Amino acid sequence: KNKTSGMASTSALKFQRLSSSVDVSFWHTLSQKKLEEFKLSTDPITIHGNFSIPKIVSSHAIPSRMMVDESAFRQASISEDQHKMNGLLVNVNTVEDFKKIDKKALLRKEGTKIWKDIQKGICRKRPDTLNRFLLLTFANLKTHRFYYWFAFPAIIKKELAYTMIGKKAISSIFSDKFINRFFEAMGKRQATGEIASHFVLMKDKKDANEPKLMSLDSFFKGSDNKRKESGEEREVYFVFADPSTVDEYPGWPLRNYLLLLHHELKCNDAKILCLRDTHQYVKEGKKESLRSIVMSVRFTKSQGVSDPVTVGWEPNVKGKLGARVVDLRSVFDPKTLARTSADLNLKLMRWRSLPSLDTTLLKNTKCLLLGSGTLGCYVARTLLGWGIRKVSFVDNGKVSYSNPVRQPLFDYEDSIGGKSLKAKTAARN
């Protein structure tokens, strides 16, 4: 039985943090874009992620994470059970820059944007802008170690407190017929591309089995009239996609949502529907184990007006505030690693000293090298250092014991027996 059924309690509202998950394809794409597009620029880049309602496996909720992959750099389509999040990527050029950058200022700047969007009415028209993320990275393209730190900005107004004054399971508030029709309507809403992460549900007391779904903007535009009509005639629930897997706490996205509701309605309390089930899950006839809950939240506002404070840096794997590191050397092919490292050296020279350097021309150039002695070996190494990939050697000699100490394309094993042809051995090595 759902633990939240029939529960009524009063307590300061707490929130389950949102966690991140980065697919390997994201780092691969970031490496390519760093080489080909971003270069030495540290300008913020808009990227995209998504999260979904936690999936149920063997009666247990699998934690939901905010995911980014290779599609983060473009506007990719998402499935019906996913909810998009827009973010900002700040990629620095050295690990020292990563450590020294003012992280409080970065987070504060993003929080200020959200607060201004709430005040201007942007968030009620596009509620997906309430939930954003910030990603600070440093990509070491020589070692393929990536340093990163996610933040999910949440705004705190010190004079505004949230208290949970009641919480019940969705099945104890609505009838089965109402629940079925609600999830059907939500499924249609998602199928048409409407934002399903935040919206309004109204239950008319005259027609208790017919849910009415409405966008936040439509509701707020007529909120004065609707408040006069509500109370005796209809009940209003503010719905949000809740990634939380904890019965006691709603998910992190509710924080900015509550701030928006208080700013728009100037209300003392609100009913929040924490949506933890999907249309497909209900469609499969699993209503007996629904996890969605309805909570009543009271807003307590003290005197005075404070500047908003932004929190939200994600803890690392040790549970402390700090960055994470992923080492992908074992994932990439060794030849690919060598090739990208060589390309990186050449591109750095072009970015910093020789902007007119045509690296593509060098890469496609073919060289015929006459002689594989001391001079030939060093010329070949220089050609490779400048990005030339195709070198043909011409030499009829064989590697002798005296060659390896002066000619870096040969080693001791090549000289044993005096049978290794210089041209073939140089090309192989």
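Count residues from 1 along the sequence. As the structure is a prediction and not an experimental result, all values here were calculated from the model.
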Tell me if a side-chain donor or acceptor on Asn140 pairs with a main-chain N or O of Arg145 at a distance below 3.5 Å. no
Step by step, work out the side chain to side chain donor-acceptor pair (under 3.5 Å) result for Thr310 and Glu110. CA-CA 8 Å; Thr310 308; Glu110 288 307 296; over 6 Å; no
Aromatic ring pairing Phe150/Phe133, orientation class (parallel under 30°, perpendicular over 60°, tilted between): tilted
Looking only at atom types and distance, does a side-chain atom of Asp23 sit under 3.5 Å from a main-chain N or O of Phe26, one as donor and one as acceptor? no
If you compare all heavy atoms of Ala323 against all heavy atoms of Asn316, which two are closest, and at what distance to 0.1 Å? O-CB, 3.7 Å
List the residues meeting side chain to side chain donor-acceptor pair (under 3.5 Å) with Ser20, not counting sequence neighbours, and say none if there are none. Glu314
Test side-chain contact (heavy atoms from CB on, under 4.5 Å) on Met85 and Arg132 and set out the steps. CA-CA 6 Å; Met85 288 184 72; Arg132 306 176 192 178; 5.6 Å; no
Short question: side chain of Lys366, backbone of Lys390 - any donor-acceptor pair under 3.5 Å? no
Any side-chain to backbone donor/acceptor pair from Ser41 onto Asp43? Under 3.5 Å, distance only. yes
Between Ser25 (side chain) and Glu70 (backbone), is there a donor-acceptor pair under 3.5 Å? yes
Looking at Lys14 and Glu248, would you say the former's side chain and the latter's main chain have a donor-acceptor pair under 3.5 Å? no
Check the surroundings of atom NZ in Lys103: do more than 12 heavy atoms from other residues, nucleotides or ligands lie under 6.0 Å from it? yes
For Val92 and Thr42, work out which heavy atoms get closest and say how close. CA-CG2, 4.1 Å
May I ask you to check whether over 12 heavy atoms, not counting those of Phe15, lie within 6.0 Å of atom CZ? yes
To the nearest 0.5 Å, tell me how far Ile45 CD1 sits from Leu88 CG. 8.0 Å
Given the side-chain rings of Phe199 and Phe238, with only the six-membered ring counted for Trp, is the space between their centroids under 6.0 Å? no
Closest approach of Ile179 and Ile170, non-hydrogen atoms and distance? CD1-O, 4.0 Å
Residue pair Thr129 / Ile114: nearest heavy atoms and the distance that separates them: O-CG1, 4.3 Å
Test: Lys99 and Glu96 ion pair at under 4.0 Å: no
Give a yes or no on this: more than 12 heavy atoms of other residues, nucleotides or ligands lie within 6.0 Å of atom CZ of Arg324. yes
The complete set of ring-ring contact (aromatic ring centres under 6.0 Å, His included) pairs with one or both residues in residues 91-117, sequence neighbours excluded, reads Trp115-His263
Is any side-chain heavy atom of Val22 less than 4.5 Å from a side-chain heavy atom of Met67? no
Under the side chain to side chain donor-acceptor pair (under 3.5 Å) test, which residues partner Asn86, sequence neighbours left out? His48
With Asn364, which residues qualify under side chain to side chain donor-acceptor pair (under 3.5 Å), at least two apart? none
For Lys363 and Ile388, what are the C-alpha separation, side-chain angles and deciding distance, and is it a side-chain contact (heavy atoms from CB on, under 4.5 Å)? CA-CA 5 Å; Lys363 186 169 66 175; Ile388 294 174; over 6 Å; no
One thing to verify: whether Asp128 and Arg126 come together as a salt bridge, which I'm taking to mean a side-chain N less than 4.0 angstrom from a carboxylate O. yes
Contact between Tyr147 and Val326 at the side-chain level, heavy atoms closer than 4.5 Å - yes or no? no
Please determine if Lys113 and Asp117 form a salt bridge, counting it only when a charged side-chain N lies under 4.0 Å from a carboxylate O. no
Over all heavy atoms of both residues, which pair between Leu216 and Pro127 is shortest? Give the atoms and the distance, please. CD1-CB, 3.7 Å
Atom NZ of Lys125 with >12 non-hydrogen neighbours under 6.0 angstrom: no
Hey, are the side chains of Thr163 and Val297 touching, using non-hydrogen atoms and a 4.5 Å cut-off? no
Please tabulate, one pair per line, all N/O donor-acceptor pairs under 3.5 Å involving side-chain atoms of residues 422-429, not counting sequence neighbours.
| residue | atom | partner | partner atom | Å |
| --- | --- | --- | --- | --- |
| Lys422 | NZ | Gln407 | OE1 | 3.4 |
| Thr425 | OG1 | Leu421 | O | 2.7 |
| Arg428 | NH2 | Asp414 | OD1 | 3.1 |
| Asn429 | ND2 | Leu409 | O | 2.7 |
| Asn429 | ND2 | Asp414 | OD2 | 3.0 |

Passes side-chain contact (heavy atoms from CB on, under 4.5 Å), Phe146 versus Thr137? Steps please. CA-CA 7 Å; Phe146 299 88; Thr137 61; over 6 Å; no
Backbone N or O of Tyr249 within a donor-acceptor pair of the Ser244 side chain at under 3.5 Å? yes
With distance as the sole criterion, is a donor-acceptor pair present between the side chains of Lys34 and Asn93 under 3.5 Å? yes
Could you check, using the six-membered ring where one of them is a Trp, whether Phe152 and Phe51 have ring centers closer than 6.0 angstrom? no
Kindly indicate whether the side chain of Tyr412, heavy atoms from C-beta on, has any atom under 4.5 Å from the side chain of Ser415. yes
Would the number of heavy atoms belonging to other residues, nucleotides or ligands and lying under 6.0 Å from CG of Leu375 be above 12? no
Would a distance-only check, ignoring hydrogens and angles, find a side-chain to backbone donor-acceptor pair under 3.5 Å from Asn256 to Ile155? yes
May I ask you to say whether Asp277 pairs ionically with Arg291, meaning some side-chain N is under 4.0 Å from a carboxylate O? no
Has the side chain of Ser21 got a donor or acceptor atom that lies under 3.5 Å from a matching backbone atom of Arg65? no
Please lay out, stage by stage, how Thr374 and Arg406 fare under the test side chain to side chain donor-acceptor pair (under 3.5 Å). CA-CA 6 Å; Thr374 302; Arg406 295 177 290 108; 3.1 Å; yes
What are the two closest heavy atoms between Leu30 and Ala139, and how far apart are they? CD2-CB, 4.4 Å
Between Phe299 and Tyr162, how do the two ring planes meet: parallel, tilted or perpendicular, split at 30° and 60°? perpendicular
Would you say that more than 12 heavy atoms from the other residues, nucleotides or ligands in this model lie under 6.0 Å from the NZ of Lys116, or not? no
Is the number of heavy atoms from other residues, nucleotides or ligands under 6.0 Å of Arg381 CZ greater than 12? no
Side chains of Val391 and Phe393: closer than 4.5 Å at any heavy-atom pair? yes
Pairs in or reaching into residues 308-328: which pass ring-ring contact (aromatic ring centres under 6.0 Å, His included), with residues at least two apart or in two chains? Trp149-Trp313
Counting N and O atoms only, with roles assigned by atom type, does the side chain of Ser292 sit under 3.5 Å from a partner on the main chain of Arg276, one being a donor and the other an acceptor? yes
So His198 and Tyr257, would you call those rings parallel, tilted or perpendicular, with 30° and 60° as cut-offs? perpendicular
Derivation of the side-chain contact (heavy atoms from CB on, under 4.5 Å) call for Leu130 and Leu260: CA-CA 8 Å; Leu130 283 169; Leu260 171 68; 3.7 Å; yes
